[in-house]
**Student:** 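This is the structure, below, for whatever I ask next.
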Amino acid sequence: MAESRRWTAREAITLLCDDFTEHTTREEPSGEADRASDRTIDGPIGWEGYDAARARAEQATGSTESVLWGEGTLGEDRRCVLLSFEFAFLGGSLSRRAGDRLEAAYTRAREGGLPLVSLIATGGSRMQEGMIALSQLQRAARAGVLLREAGVPHIAVVRDPTTGGGWATLGAGADVILALPGAQVAFAGSRVRPKDADPAAYTAESQLAHGHVDAVVRPERLRETAGFWARVLAPGVFDPQPVPPPEALPPGDGTPLLPRTGWEAVRRARDTRRAHAEAYLDRYFARREPLSGDRGGGADPGLLCGVGVRAADGRAVVYVAQRGTATRPAGYRTAARVVRLADRFGLPVLTLVDTPGAANDAAAERAGAGGSIAEAFSAMAAARTPLTSLLIGEGGSGGALALAAPGNTWATPDSYFSVIAPELAAAILKRTPDRIPRTADQLRLRPQDLVELGVVRGVVPRAAREQDAAPDQDATPDEGPAQDRGPA
């Protein structure tokens, strides 16, 4: 398990920026009952010794509450609202006055159109204030809803420890969730877990593996990473222009541009030597950061999601890329979540389609294969933001179609798209194995067939290999039939 450090609230802020300006909140009772409880010795429920505990916490930390907030600049020019928890102040617990500060920070971010960055380290609600403290979770949830409706991003950084209601509202409810290595991140705090619980199950790394955080980021990379997200999730910006699909990457073996038969198309798409998703993403983007997990307990290693900055023009683009494996339910739910995030912030989406189909084993069925695929179809169909898809390998039935942009899908020369795999089609039709190639031809699954059928818009041209010399300007490239060419 990675080592963790308990940063103070102000130390955590210095991980992100150098120009933080703290804001004060007008903390006063809001009603007759509150005013009466405020005059009660030892807090709103009269917890014996609470006033003394608060005084000790103030003396030890130099803070008057478990939360401080203000404004700072991430990166070169992205002004943000930051809030940070002081765990040494009564375990970073949420109180009524901490709730006042949280609400003030959310309101400032919403009204100013400024990204909100939360640096969270909390043990939950403050028991010395009873249900008044617990009810602050409802305030935080409402403030989060208003922030989301306003199109303002919330980036959470979960520190050690982040447990209880602070994780269940502020942390887990953010748009992007980053975690520091080795941090305790869980709903159950260390003193209330089952005695035989495995500590490794309550860490940032475990939350990443099970789809609950987007990335575990080392402290020295936190400034750069949080700055990236604050920059690309710009509030109120909507760019309706789709991005062009990537060029097809050459296989390097002199293969002709287009396959001659359906079975050849299938074999080329299944060839392990062809380019896969990582190669396309690395060429298309100058930089990318991941978005991981379905937020429901699952992460599919066969799917890459995130936001990248295009090498060609610096535009931010959301990507969803299949890696050639059967996509699992967690993958489809992750894809749907990421597409909806792109839609909220007006970021164009690029999907790379490459799967033999949706996973259909018993575990996939128990995890809701049908419902997760439906969720992906719905997210793609409902998106207002531009969608662009490139078929880079296998297009296996509905498991591939769920992530293909309606009306704006392109294909590479080394790909196929089919209603069903030729082997399965032959089995259903009770054909012998030697008739599988003929079945592949009948399915009309080659890239050029897909263009003719109107399933894809065109076949993208191949990119030049970096080791190749610049082509002779008088030469005529072998692009194939006009309808097979990629976008101009």
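Just so it is clear, the values below take in all heavy atoms, side chains as well, and ignore hydrogens, waters and symmetry mates. Bear in mind that the values here come from a model prediction, so they are computed numbers and not experimental data. Along the sequence shown, residues are numbered consecutively beginning with 1.
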**Student:** Quick one: does Leu291's side chain get under 4.5 Å of Arg337's, heavy atoms only?
**Tutor:**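 Leu291 reaches Arg337 side chain to side chain.
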
**Student:** Testing the basics here: between Ala316 and Pro348, what is the closest heavy-atom pair and its distance to 0.1 Å?
**Tutor:**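 Minimum heavy-atom contact is O-CD, 3.6 Å.
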
**Student:** Think Arg193 forms a cation-pi with Tyr202, using NZ or CZ under 6.0 Å from the six-ring centre and within 45 degrees of its axis?
**Tutor:**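 Cation-pi check for Arg193 and Tyr202: passes.
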
**Student:** Enter the distance from Thr169:OG1 to Leu94:CG here, rounded to the nearest 0.5 Å.
**Tutor:**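 Here the interatomic distance stands at 6.5 Å.
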
**Student:** For Arg340, is there an ion pair with Glu375 - N to carboxylate O distance below 4.0 angstrom?
**Tutor:**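 Looking at Arg340 together with Glu375, the answer is yes, because their closest N to O distance falls below 4.0 Å.
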
**Student:** Considering only heavy atoms from C-beta outward, does the side chain of Pro161 approach that of Arg6 to under 4.5 Å?
**Tutor:**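 A side-chain contact exists here, since the closest heavy-atom pair is under 4.5 Å.
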
**Student:** Provide the closest heavy-atom pair for Pro422 versus Ile436 in the form atom of the first, atom of the second, distance.
**Tutor:**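 Nearest heavy atoms, Pro422 then Ile436: CB-CG2, 3.9 Å.
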
**Student:** A quick test of your reading: do over 12 heavy atoms of other residues, nucleotides or ligands sit less than 6.0 Å from NE2 of His276?
**Tutor:**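 More than 12 heavy atoms, drawn from other residues, nucleotides or ligands, come within 6.0 Å of this atom.
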
**Student:** What are the two closest heavy atoms between Pro356 and Gly324, and how far apart are they?
**Tutor:**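 In this case the closest contact between Pro356 and Gly324 is CD-O, 3.4 Å.
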
**Student:** For a side-chain contact (heavy atoms from CB on, under 4.5 Å) with Leu391, tell me which candidate from Leu450, Asp354, Val459 qualifies.
**Tutor:**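 With Leu391 as partner, side-chain contact (heavy atoms from CB on, under 4.5 Å) holds for just one option, Leu450.
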
**Student:** So does Val456 get a backbone contact from the side chain of Thr409, meaning a donor-acceptor N/O pair under 3.5 Å?
**Tutor:**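 Looks like no, no N/O pair under 3.5 Å.
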
**Student:** Taking the side chain as every heavy atom from C-beta outward, state whether Leu249 and Ile392 have any pair of such atoms under 4.5 Å apart.
**Tutor:**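 Not in contact.
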
**Student:** Hey, does the side chain of Tyr332 reach the backbone of Gly399 with a donor-acceptor pair shorter than 3.5 angstrom?
**Tutor:**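 Indeed, once roles are kept as given, a pair shorter than 3.5 Å links the two residues.
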
**Student:** Working to the nearest 0.5 angstrom, can you tell me the gap between Thr327 OG1 and Gln322 CD?
**Tutor:**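 Result: 3.5 Å between the selected atoms.
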
**Student:** Measure the spacing between CH2 of Trp69 and CZ of Arg108 and express it to the nearest 0.5 Å.
**Tutor:**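 Between atom CH2 of Trp69 and atom CZ of Arg108 there are 7.5 Å.
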
**Student:** Using a 4.5 Å cut-off on heavy atoms from C-beta on, say whether the side chain of Arg142 contacts that of Arg139.
**Tutor:**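 Answer no - side chains too far apart.
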
**Student:** Just checking Gln138: does its CD atom have more than 12 heavy atoms from other residues, nucleotides or ligands closer to it than 6.0 angstrom?
**Tutor:**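 No, not enclosed.
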
**Student:** What do the steps show when you test Leu208 against Glu205 for side-chain contact (heavy atoms from CB on, under 4.5 Å), and what is the final call?
**Tutor:** CA-CA 5 Å; Leu208 176 64; Glu205 289 75 12; 5.7 Å; no

**Student:** Within the distance-only criterion (no hydrogens, no angle test), does the side chain of Asp214 pair as donor or acceptor with the backbone N or O of Leu178 below 3.5 angstrom?
**Tutor:**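 Answer holds: no.
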
**Student:** Using only atom types and a distance under 3.5 Å, with no angle test, would you say the side chain of Arg446 pairs donor to acceptor with the backbone of Arg260?
**Tutor:**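 It does hold such a pair.
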
**Student:** Donor-acceptor pair, distance only, cut-off 3.5 Å: does the side chain of Asn408 make one with the backbone of Leu387?
**Tutor:**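 It does hold such a pair.
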
**Student:** What are the two closest heavy atoms between Ala265 and Pro447, and how far apart are they?
**Tutor:**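 In terms of heavy atoms, the two residues are closest at CB-CD, 4.5 Å.
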
**Student:** Evaluate the side-chain proximity of Leu83 to Ser118: yes if any heavy-atom separation is below 4.5 Å, no if none is.
**Tutor:**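 A side-chain contact under 4.5 Å exists here.
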
**Student:** What is the distance from atom SG of Cys80 to atom CZ of Arg231, rounded to the nearest 0.5 Å?
**Tutor:**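 Answer for the SG-CZ pair, Cys80 versus Arg231, is 11.0 Å.
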
**Student:** Answer yes when Arg444 and Asp449 have at least one side-chain N-carboxylate O distance shorter than 4.0 Å, and no when they do not.
**Tutor:**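 Looking at Asp449 together with Arg444, the answer is yes, because their closest N to O distance falls below 4.0 Å.
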
**Student:** Can you tell if the side chain of Tyr416 reaches within under 4.5 Å of the side chain of Arg270, non-hydrogen atoms only?
**Tutor:**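 They are in contact (side-chain heavy atoms under 4.5 Å apart), so the answer is yes.
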
**Student:** To the closest 0.5 Å, what do you measure between CD (Glu423) and CZ (Arg431)?
**Tutor:**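 Reported value, rounded in 0.5 Å steps: 13.0 Å.
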
**Student:** Would a 4.5 Å heavy-atom cut-off, applied to side chains only, mark Ile177 and His212 as touching?
**Tutor:**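 Of all side-chain heavy-atom pairs linking His212 with Ile177, none is under 4.5 Å.
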
**Student:** Do any N or O atoms from the side chain of Thr203 and from the backbone of Ala183 form a donor-acceptor pair under 3.5 angstrom?
**Tutor:**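 Looks like no, no N/O pair under 3.5 Å.
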
**Student:** State, to 0.1 Å, how close Asp160 and Ala121 come at their nearest heavy-atom pair, and which atoms those are.
**Tutor:**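 Looking at all heavy atoms of both residues, the closest pair is O-CB, 4.2 Å.
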
**Student:** Does Asp175 use its side chain to pair, donor to acceptor, with the backbone of Ile155 at less than 3.5 Å?
**Tutor:**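 Answer holds: no.
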
**Student:** Just checking Tyr319 against Phe285, ring centres under 6.0 Å apart?
**Tutor:**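 For Tyr319 and Phe285, the ring centres are under 6.0 Å apart.
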
**Student:** Step by step, work out the side-chain contact (heavy atoms from CB on, under 4.5 Å) result for Leu445 and Phe417.
**Tutor:** CA-CA 5 Å; Leu445 49 70; Phe417 219 145; 5.8 Å; no

**Student:** Do Pro461 and Pro413 come close enough that some side-chain heavy atom pair is under 4.5 Å?
**Tutor:**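 In short, these two side chains do not touch, never coming nearer than 4.5 Å.
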
**Student:** Donor-acceptor check, side chain of Thr225 to backbone of Leu222, threshold 3.5 angstrom: yes or no?
**Tutor:**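 Such a contact is absent between Thr225 side chain and Leu222 backbone.
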
**Student:** Please round to the nearest 0.5 Å and tell me the distance separating atom SG of Cys17 and atom CZ of Arg79.
**Tutor:**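 Spacing of SG (Cys17) from CZ (Arg79) equals 8.0 Å.
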
**Student:** Whether the side chain of Gln207 engages the backbone of Val185 through a donor-acceptor N/O pair (distance < 3.5 Å, no angle test) should be reported.
**Tutor:**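 Yes, Gln207 side chain to Val185 backbone: donor-acceptor pair under 3.5 Å.
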
**Student:** Just wondering, are more than 12 heavy atoms of other shown residues or ligands nearer than 6.0 Å to CZ in Phe377?
**Tutor:**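 Above 12, so yes.
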
**Student:** Take Val320 and Cys305 through the test side-chain contact (heavy atoms from CB on, under 4.5 Å) and record every step on the way to the result.
**Tutor:** CA-CA 5 Å; Val320 176; Cys305 296; 4.0 Å; yes

**Student:** Do you know which two heavy atoms are closest between Pro181 and Pro219, and how far apart they sit?
**Tutor:**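 Scanning both residues, the minimum pair turns out to be CD-CD, 4.1 Å.
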
**Student:** Residues in ring pair (Phe, Tyr, Trp, His ring centres under 6.0 Å) with Tyr106, at least two apart?
**Tutor:**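 Here the qualifying residues are His154.
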
**Student:** Among Arg274, Arg462, Arg267, find the one that has a side-chain hydrogen bond (donor to acceptor under 3.5 Å, both in side chains) with Asp414.
**Tutor:**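 Filter result, single survivor: Arg462.
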
**Student:** Is there a side-chain contact (heavy atoms from CB on, under 4.5 Å) between Leu74 and Trp229 once you walk through the steps?
**Tutor:** CA-CA 10 Å; Leu74 270 63; Trp229 287 113; over 6 Å; no

**Student:** Using only atom types and a distance under 3.5 Å, with no angle test, would you say the side chain of Thr388 pairs donor to acceptor with the backbone of Val243?
**Tutor:**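 Pair found, side chain donor or acceptor close to backbone of Val243.
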
**Student:** Identify the residue among Leu102, Leu116, Thr122 that makes a side-chain contact (heavy atoms from CB on, under 4.5 Å) with Leu170.
**Tutor:**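 Of the listed residues Leu102, Leu116, Thr122, the side-chain contact (heavy atoms from CB on, under 4.5 Å) partner of Leu170 is Leu102.
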
